[in-house]
Peer 1: 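Supplied in structure tokens, the structure appears directly below.
When a residue number appears, it is its place in the shown sequence, counting from 1. One-based numbering, in listed order, for ligands and for the atoms of each. Since we're looking at a predicted model, the values are computed, not measured.
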Amino acid sequence: MTDATLIDGRAVAATLQATIARGVAAVVERTQQAPGLAVVMVGDDPASRAYVRSKTKQVEAAGMRAIDHRLPADVREAEVLALVQRLNADPAVNGILVQLPLPSQIRAEAVIDALDPAKDVDGFHPVNAGRLASGHLGGAFVPCTPQGCLMLIKGERPSLAGLKAVVVGRSAIVGRPMAGLLLSESCSVTQVHSRTRDLPAECRAADILVVATGKPRFVEGGWIKPGAVVIDVGINRLPGADGKTQIVGDVDFESARRVAGAITPVPGGVGPMTIACLLRNTLLAACRQHGLAEPAE
Ligand code: GUN
């Protein structure tokens, strides 16, 4: 068996970002206003700070405005909710992203419920999650990471109907919406998780295997059906050689690449797609709010 094709998420994301930048330019021409994304970060978690910095840079590179709101780690929930209300009402803000996780005194569900679903570019509000779950994708915002995963999968398997897809993980951000998207593509979807009885056997049945467990190198080559498309959502930081940090996925890449037909590397696979899809959702939000035609895929 030859080694798997490496799915180049950086290249796909760069192409998508160029398309988005053209769409942004068209919106600016029509409205004289750049689409605006408000990013709310509570506290000072280093990983969240790095994500937020990267998001801000790429939002601006696409010609949109990033409006950053930093709140102290001990802020009260009521203050976060009040900020969300102000952003909901601000016509210069087309999209709102509240960086998760939030400190324990703030209920993430309360903050997400407070978002205007039309500005919920994360796709986490129950209205958007419900649209996806009921298969009504028109008008929904689809969460960025599973949306990016689906684009990479379709790059390898343009026709997904009838294929068996297994999603490992059931988080609200990745696993659940990923299963919904694959079902909408007419895959036969199995969702597995930490309480599933025979995980390796379930995974071995998959033509499409999406892994989002947050456990480093959890899925091994022996769990993979020869020729399968493997999408690794994990970003795990482990101590590496000479004191440096090493980033690894939720799939054991070295054993998996010998069995899979195609696989995403970590880093450079799913990660770059998440931000590209955030830019896409923000452009979509701006078009919908201005009554403009939605940009083509
Ligand atoms: N934290 C980790 N991933 C995400 C994401 O996609 N959106 C938000 N808001 N927070 C996150």
Side-chain angles (χ1 to χ4, degrees), residues 9 13 16 36-59 64 66-71 73 75 77 80-81 83-84 87-88 93-104 106-129 132 140-152 167 169-178 180-181 210-215 231-237 247 249-250 266-267 269-282 284-285:
L16 181 58
L37 174 68
V39 177
V40 179
M41 187 176 144
V42 183
D44 208 23
D45 173 60
S48 291
R49 211 168 13 160
Y51 286 136
V52 166
R53 205 173 325 121
S54 184
K55 282 170 187 166
T56 302
K57 218 166 80 186
Q58 294 189 47
V59 164
M64 301 193 256
I67 306 134
D68 279 346
H69 289 270
R70 298 275 171 98
L71 299 173
V75 69
E77 183 181 289
V80 181
L81 295 176
L83 172 59
V84 168
L87 297 172
N88 282 345
V93 171
N94 302 109
I96 305 170
L97 179 147
V98 181
Q99 184 67 28
L100 302 177
L102 290 166
S104 57
I106 300 168
R107 293 167 301 152
E109 317 88 78
V111 175
I112 290 167
D113 286 356
L115 292 167
D116 177 348
K119 294 189 177 185
D120 168 36
V121 287
D122 263 325
F124 295 165
H125 189 282
V127 165
N128 287 312
L132 173 56
F141 287 105
V142 174
C144 303
T145 299
Q147 186 184 151
C149 291
L150 183 63
M151 287 179 192
L152 296 180
V167 179
R170 52 176 159 175
S171 70
I173 295 183
V174 185
R176 285 168 200 253
M178 187 77 250
L181 279 176
V210 182
V211 187
T213 59
K215 295 183 183 136
I231 304 292
D232 186 350
V233 182
I235 301 178
N236 304 288
R237 290 174 172 80
I247 295 184
D250 294 350
V266 176
V270 173
M273 293 301 292
T274 296
I275 294 186
C277 290
L278 173 67
L279 304 181
R280 184 174 181 272
N281 279 356
T282 305
L284 211 54

Peer 1: Only heavy atoms count here, so choose which of D122, L97, V111 is nearest to atom 6 (O) of ligand 1.
Peer 2: D122

Peer 1: Roughly how far, to the nearest 0.5 Å, is CZ of R70 from CG of D44?
Peer 2: 7.0 Å

Peer 1: Among protein heavy atoms, which sits nearest to atom 3 (N) of ligand 1, and what does the distance come to when rounded to 0.1 Å?
Peer 2: I173 CD1, 4.4 Å

Peer 1: Examine the proximity of ligand 1 to Y51 and report which part, side chain or backbone, both or neither, has a heavy atom under 4.0 Å away.
Peer 2: neither

Peer 1: Compare L100, V40, L102, D45 and give the one whose heavy atom is closest to atom 10 (N) of ligand 1.
Peer 2: L100

Peer 1: Would you compute the distance between atom CG of D68 and atom CZ of R53 and round it to the nearest 0.5 angstrom?
Peer 2: 11.0 Å

Peer 1: Of all the heavy-atom pairs spanning C277 and M151, show the shortest one and how long it is.
Peer 2: SG-CE, 3.9 Å

Peer 1: More than 12 non-hydrogen atoms from neighbouring residues, nucleotides or ligands closer than 6.0 Å to CZ on R107, yes or no?
Peer 2: no

Peer 1: What is the minimum heavy-atom distance between N281 and V121, and which atoms define it?
Peer 2: ND2-O, 2.8 Å

Peer 1: Counting only heavy atoms closer than 4.0 Å, does ligand 1 sit against the backbone of V98, its side chain, both, or neither?
Peer 2: backbone

